[in-house]
Number of protein chains: 2
Amino acid sequence: MNQKRKLDFNNSSDSLSQTIYKEIRERISLLQYPPGTVLSENALAAEFEVSRTPIRRVLQRLELDGLVLSKRGIGTMVTTVDLKSLKEVYALRMKLHEITGELSSVAHLTNDDIASLENVLEQCDEMLEQRDPEKLARLYNTFQEQIVRHINNEPLREVSDRLYYQTCRVWLQILPDMDWSEEVDVMRDEVSQVIEALRAGDMHTVGQVRRDHLFMMLGRIKRYLGGATEAELDAVLPSRRSTNDE
Amino acid sequence: MNQKRKLDFNNSSDSLSQTIYKEIRERISLLQYPPGTVLSENALAAEFEVSRTPIRRVLQRLELDGLVLSKRGIGTMVTTVDLKSLKEVYALRMKLHEITGELSSVAHLTNDDIASLENVLEQCDEMLEQRDPEKLARLYNTFQEQIVRHINNEPLREVSDRLYYQTCRVWLQILPDMDWSEEVDVMRDEVSQVIEALRAGDMHTVGQVRRDHLFMMLGRIKRYLGGATEAELDAVLPSRRSTNDE
DNA sequence: TGTAGTCAAGTTGTATACAAGTACAATACA
DNA sequence: TGTATTGTACTTGTATACAACTTGACTACA
């Protein structure tokens, strides 16, 4: 209910709809809206101080992304990522990472970009001290955003962005049960290797690194999903929690 | 103004929004709404006998697809596909065709599917007699739909569908100036080879065939765009026709 | 005649009233 | 007590009135 929600209306560059879209998408990806949560259009309209109309525009876009599902008379619920979809998205994302290196090259890499990525690296190190899954997931979101920005092929960039947010919350869902230091180390490795490849101007290696890490992450997730107790499986797969807030 | 517009409201399986979406998308792809056309929400609402609200829902989705662009006070215009986007989409689609064979296999191939594809093949032969670019484009759309249906990976299927409609009208735009019998023959070849590969259950070959044909089509398009007169380039690239109808 | 200004008729974006549908609880009744 | 039913309070979907904005034509004026 009282998560860290910074209502940022100072994003003047993006349109209002775009700002609200990214905000709600981030909340879904960070499990502030867990799967099954019923999102009330009226509540969101009141929070963002607009009418239902722009909110509906955002929710319709999120529904096209597969993140929510609107049903007349019921409500708009955050979707659950089933294992089949997870495998499909991961398989496609791995292939897309491979072709990213072939369709895109490292261009317009500024010092700010490098500095921003090294900032991510530093925050990774700090993560070892305190166990905060949501914070780590948020950090990985910013990392993803930084990398996707360097994809030159615009349709590929858009697809990569969409696919990432479609399933990234699964990792966060089981992160509390995983080996914390191992996950932080793995992420640190990926960030480090990506920075090195970007510095060398080798987008092909960037894609390769990300594909390998994606593959290994899927393996770790499967391991926890496969050897999970029934209660843990319920928490990930068919849940219908009702964490409404207003 | 008086194009062949069959207002099909008998599609009871899809929702109303879905039906209108596919109808307008088809019109854009067939150049019944050429680039630059201003689509009036009121006119569309009157034609489909609904209010502006569901029409806006459809237009917003088309805008996310990159097919139209809404500007306050101006209108909703059909976008123009510039050469850069064309190359990017084609490059990505070629790669996607390659990975389609790796992520998807030929499953649930019924006799009706084969019959439907052979029907496309027959209609190809009939195309040689009369020069009707829009009819050929419509036929290619149905072919594309038949093939995409057999992609098992759902996110890949969705992406392939979207990317196809993003640029397929470029071919139709220059089709009147191309070698008609050559284009029909090339299309017949692709359909024929795809049918053969599907019969053999070889999705990998399907992807390969489609990739090769896509590559060659891009070459032919570039040839016509490169050696085109200024008038022809204007017709394809930065046009701002205003073919409003109401 | 030329030019600036103003008004009118469009457009999309927003807010809101209403229609359609669902779920749940209270109530009437056996 | 148990059960069916009905009403109420929610939800999303639709239609509509209004606000914000653009364009072009027409008018007033120098």
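Just so we're on the same page: letters track the sequence lines, and every chain starts at 1.
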**Q** Is the shortest heavy-atom distance from the side chain of B:Met77 to the side chain of B:Leu39 under 4.5 Å?
**A** no
**Q** Measure CZ/A:Arg72 against C1'/C:dG21 and give the value in whole Å, please.
**A** 6 Å
**Q** Within the structure provided, determine whether B:His108 and B:Asp113 are in side-chain contact (heavy-atom separation under 4.5 Å).
**A** no
**Q** Using atom CD1 of A:Ile55 as one end and atom P of C:dA15 as the other, report the distance to the nearest whole Å.
**A** 10 Å
**Q** Heavy-atom nearest nucleotide on DNA chain C for A:Ser17 versus B:Asn42: which residue maps closer to 5'?
**A** B:Asn42
**Q** Under 4.0 Å, counting only non-hydrogen atoms across every strand here, what does A:Arg57 touch: a base, just sugar-phosphate, or nothing?
**A** nothing
**Q** Nearest to the A:Arg52 side chain among D:dA15, C:dT12, C:dT16, which nucleotide is it?
**A** C:dT16
**Q** Taking 4.0 Å as the cut-off, does a side-chain nitrogen or oxygen of A:Thr53 come that near to OP1 or OP2 on C:dG13?
**A** no
**Q** For B:Thr76 and C:dT12, is the shortest distance between a side-chain N/O and OP1 or OP2 below 4.0 Å?
**A** yes
**Q** Of all the nucleotides listed (C:dT14, C:dA15, D:dT11), which has the minimum atom distance to the side chain of A:Val50?
**A** C:dA15
**Q** Taking CE from A:Met77 and C1' from C:dT22, how many angstroms apart are they, rounded to a whole number?
**A** 11 Å
**Q** Are A:Glu183 and A:Arg131 close enough for a salt bridge, meaning some N to O gap below 4.0 Å?
**A** no
**Q** Calculate the interatomic distance between A:Lys71 atom NZ and C:dA23 atom C1'; express it in whole Å.
**A** 14 Å
**Q** Using a 4.5 Å cut-off on heavy atoms from C-beta on, say whether the side chain of A:Leu172 contacts that of A:Tyr140.
**A** no
**Q** Can you check whether A:Ser70 has a side-chain N or O nearer than 4.0 Å to OP1 or OP2 of D:dT11?
**A** no
**Q** Rounding to an integer number of Å, can you tell me how far A:Ile74 CD1 sits from D:dT12 P?
**A** 10 Å
